[in-house]
Amino acid sequence: MRKFVALSLFAAFALGFVAAPAHARRAADPAQAPVPPGDHDLTLRAMHDEMQRSRTRLSLSGVEKPFYIEYRLLDLDVRAVTASFGALVSSTVSRSRYMKVDVRVGDYHLDSSNFVSEDGFQGFLGPTGQVGIDRDYNSLRQDLWLATDQAYKGAVTQMSLKQAFLRSLTKPPEIDDFSQAPPLVKIDPRIEPDWTSRNWDDEAREASSVWKKFPQLYGTRLNYYLIYVTSYLMNSEGTTIRESHTLAAVEAALDTQADDGMPLHNFYATYAATPSGLPGPSALSKALAQAAAELLIFRSSPLVPDYTGPVLFDAPAAASLLAQALEPSLSGARPPLSMTQDYDAFIERLGGRSEWSGRVGTRVLPASVSLVDDPTLKEFQGQPLLGGYDIDDEGVLAQRVSLVEDGFLRRLLMSRRPGPDFENSNGHARSALLSDSEPLSSNLIFSSSDELKPADLRKKFLDACRDDGQQWCLEVKQMDNPALAAIHREDFSNFVGTLGGGLSNGARMPLFVYKVYASDGHEEPVRGGTIDGLTLRSLRNLLGAGNDSTVYTYMQNTSDSLAGTALGAFGSAQNGIPSTVIAPSLLLDEVDVRGFHGEPRRLPLVSSPPLQ
């Protein structure tokens, strides 16, 4: 296990604690749920025994005892295979276990969490680290003991800094730091990994070999991920949860350059609940060949000029756009208190500012639009939904939430961190790899009562184009996802650096864009455009919606403070949370598209070698 850094306790004794209102005093400690008879899971037993000991014995002279302790542990098995042009790049099997401990002092009204000091954000939870993979009882208890000790000391210091900061404010916030939730016990059987159902190395070789037919491609990567996770959650309120989940993914990236040197890329992704749900090598080869052919079409297409006017987003593109535009405003949790403005500025730069905070009961979308998030939904029109779950990452039962009804904002997604509009969790705290839990969407459903058939929506699009005096307008068939399209890590970093500053103003990256001529409706592919200023307010300029609702599955990125920002829509199976958006084609008015104004790269000096 990694070493945990000890924190100074000087401030704990120099500053006293502010008394909480009577209604926020801690609840009486419930009994810790026992390990079920006959269950021989030593991980569960070690967590239970150390939790019991911490609840009764953890204390520091002159400082109040913790009012809340939480243990989270992930047992993670991953089979990963990477291939390119028919050859294996890597093939690994890994097993790891991660632990995270949260200790809070204070009470539900005011505790040691949710605070950014001058030293930076300390997180909503305490120390984290990697623990032994043998599921050894004594080793895990040792790790939990040390982590709990350091988390408690850190919480005491953090509470003192927070109290001092609150005393400097003219009007400290009155919103509680933590909401109460009834204890929940759910102990499911473990699911052990099984990689033997198919030969994944051979399938990766066979599927990726189709790229040999496309010598214009520069780089390719085909990644298989087979993930088995058993998650544990135990807290001092009496909650005990053990759940096992599986996720199977195929993610592919391919890139090239246009004749003028402009870099171009494409990606392919498909996800399933189990490895058996992934397509076979023959079907996957066809999909990868189609992705290559699409990319090469745009390799020789003209650049898109600057444009302002109606834009038609096909259903997959519309769903991806909504994932970027809506997510930052769906959370009703209060942001952390910050001693500096740097944290708030950083989140806003990433497009993380909520446009709906404080607007419950007002119109935020067209009167025809409703928006629901339902983690309990298992399928849509016969297609499985991967964004669902039974219990969120704070041990609260998942709930269907009607966010927008007939254009009016009614509710927001909540974790146990209260906000200005709502106090209690509705089961939407989500995280990946023990990152800080945030209120995030699961299965997000965007619907309109004024749906149009595809032909009627297209006619309305062309009519709007002519009414706007345009010879042609733009149709977006697919949005970009640089987390999947980037073959090299620096490619994603470059994207964040290029687009990051504009995210707060609604900058979006389309991938496949077509000119559609108003005279006869014929299409012409164009490349290099960036959408500017497409914020939630832009969705109020909705001219029409189709009746072709499509399930868009993606991975929400929760790493590096990206959860709940526009960049949170760009994740992969390695670091993301399975999520879905169900949305139809959307016709928007007055969309600004900026043509490519960057510097193209130099072309290779020598042509590519033969691949076959």
Side-chain angles (χ1 to χ4, degrees), residues 1-2 4 32-33 35 41-55 58 66-77 95-104 111-114 122-133 135 137 139-152 154-155 178 181 183-188 190 227-245 389-398 415-417 425 427-440 558-559 563 575-577:
M1 185 181 103
R2 81 175 197 183
F4 295 100
Q32 195 69 40
V35 177
D41 187 345
L42 296 181
T43 297
L44 200 62
R45 195 169 299 278
M47 293 174 69
H48 174 273
D49 292 349
E50 196 57 34
M51 176 66 74
Q52 284 285 78
R53 195 166 73 122
S54 296
R55 288 177 55 184
L58 187 64
F67 84 97
Y68 180 81
I69 304 172
E70 178 182 281
Y71 293 159
R72 296 170 66 196
L73 189 140
L74 282 186
D75 209 333
L76 186 65
D77 293 89
R95 182 151 195 276
S96 51
R97 302 209 322 153
Y98 300 94
M99 172 194 65
K100 196 161 192 176
V101 174
D102 176 19
V103 175
R104 302 184 184 217
D111 70 19
S112 50
S113 71
N114 204 23
Q122 301 298 315
F124 303 112
L125 300 180
T128 182
Q130 195 165 353
V131 297
I133 63 174
R135 303 174 187 166
Y137 173 86
S139 173
L140 180 56
R141 281 202 65 175
Q142 181 84 359
D143 291 338
L144 289 169
W145 163 62
L146 286 174
T148 306
D149 179 81
Q150 295 302 325
Y152 177 40
F178 201 41
L184 187 64
V185 177
K186 183 174 186 285
I187 302 176
D188 292 343
R190 290 181 53 92
I227 302 170
Y228 287 77
V229 178
T230 297
S231 59
Y232 297 82
L233 170 64
M234 185 176 294
N235 67 36
S236 55
E237 295 172 329
T239 289
T240 300
I241 295 170
R242 181 183 66 197
E243 292 184 308
S244 289
H245 302 281
Y389 52 89
D390 297 325
I391 301 170
D392 76 358
D393 289 341
E394 291 180 335
V396 179
L397 286 172
S415 65
R416 293 186 65 179
R417 183 156 44 99
S425 172
H428 278 80
R430 308 191 71 195
S431 65
L433 297 177
L434 299 185
S435 59
D436 296 319
S437 297
E438 297 277 358
L440 297 174
T558 64
S559 61
N575 61 7
I577 306 171

To the nearest 0.5 Å, tell me how far [X] [atom1] sits from [Y] [atom2].
{"X": "Leu184", "Y": "Ile391", "atom1": "CG", "atom2": "CD1", "value": "4.5 Å"}
{"X": "Tyr71", "Y": "Ser54", "atom1": "OH", "atom2": "OG", "value": "3.0 Å"}
{"X": "Leu42", "Y": "Arg141", "atom1": "CG", "atom2": "CZ", "value": "12.0 Å"}
{"X": "His48", "Y": "Arg53", "atom1": "NE2", "atom2": "CZ", "value": "14.0 Å"}
{"X": "Glu70", "Y": "Asp102", "atom1": "CD", "atom2": "CG", "value": "5.5 Å"}
{"X": "Ser435", "Y": "Tyr98", "atom1": "OG", "atom2": "OH", "value": "13.0 Å"}

Using a strict threshold of under 4.0 Å (side-chain N to carboxylate O), is an ion pair present between Arg430 and Glu438? no
Output yes when Glu237 and Arg416 qualify as a salt bridge under the 4.0 Å nitrogen-oxygen rule, no when they do not. yes
Run the side-chain contact (heavy atoms from CB on, under 4.5 Å) test on Val35 and Thr240 for me, step by step, so that the C-alpha distance in whole Å, both residues' side-chain angles and the decisive distance to 0.1 Å come before the verdict. CA-CA 9 Å; Val35 177; Thr240 300; over 6 Å; no
Under a plain distance cut-off of 3.5 Å, with no hydrogens placed, do Arg135 and Thr43 share a side-chain donor-acceptor pair? no
Exercise: do Thr230 and Ser244 side chains pair donor with acceptor under 3.5 Å: yes
Does any N or O in the side chain of Asp149 come within less than 3.5 Å of the main-chain N or O of Tyr152, such that one atom is a donor and the other an acceptor? no
Run the numbers on Met51 and Ile69 for side-chain contact (heavy atoms from CB on, under 4.5 Å), then give the verdict. CA-CA 8 Å; Met51 176 66 74; Ile69 304 172; 3.9 Å; yes
Contact check, side chains of [X] and [Y], non-hydrogen atoms, under 4.5 Å:
{"X": "Ser437", "Y": "Arg72", "value": "yes"}
{"X": "Val185", "Y": "Thr239", "value": "no"}
{"X": "Arg97", "Y": "Leu76", "value": "no"}
{"X": "Val131", "Y": "Ser139", "value": "no"}
{"X": "Glu243", "Y": "Asp390", "value": "yes"}
{"X": "Val103", "Y": "Tyr68", "value": "no"}

Begin from the C-alpha positions of Lys100 and Asp436 and carry the test salt bridge (Lys or Arg N to Asp or Glu O under 4.0 Å) through to its verdict. CA-CA 10 Å; Lys100 196 161 192 176; Asp436 296 319; 3.3 Å; yes
Report the residues that fulfil salt bridge (Lys or Arg N to Asp or Glu O under 4.0 Å) with Asp393, sequence neighbours left out, ordered by chain and then residue number. none
Once salt bridge (Lys or Arg N to Asp or Glu O under 4.0 Å) is applied, do any residues pair with Asp77, and if so which ones, sequence neighbours excluded? Arg95
Under the side chain to side chain donor-acceptor pair (under 3.5 Å) rule, collect the residues that match up with Ser96, sequence neighbours excluded. none
Stepwise, does the salt bridge (Lys or Arg N to Asp or Glu O under 4.0 Å) test hold for Arg242 with Asp41? CA-CA 10 Å; Arg242 181 183 66 197; Asp41 187 345; 2.9 Å; yes
Closest heavy-atom pair and its distance - [X], [Y]:
{"X": "Ala181", "Y": "Val396", "answer": "CB-CG2, 4.1 Å"}
{"X": "Ala432", "Y": "Ile577", "answer": "CB-CG1, 3.8 Å"}
{"X": "Ile241", "Y": "Gly395", "answer": "CD1-CA, 3.6 Å"}
{"X": "Val101", "Y": "Ala147", "answer": "CG2-CB, 3.7 Å"}
{"X": "Gly238", "Y": "Pro183", "answer": "C-CB, 3.7 Å"}
{"X": "Leu144", "Y": "Ala46", "answer": "CD1-O, 4.0 Å"}

Verify side-chain contact (heavy atoms from CB on, under 4.5 Å) between Arg417 and Phe178, making sure each step is shown before the conclusion. CA-CA 5 Å; Arg417 183 156 44 99; Phe178 201 41; 6.0 Å; no
From CA spacing to verdict: side-chain contact (heavy atoms from CB on, under 4.5 Å), Val229, Asp75: CA-CA 6 Å; Val229 178; Asp75 209 333; over 6 Å; no
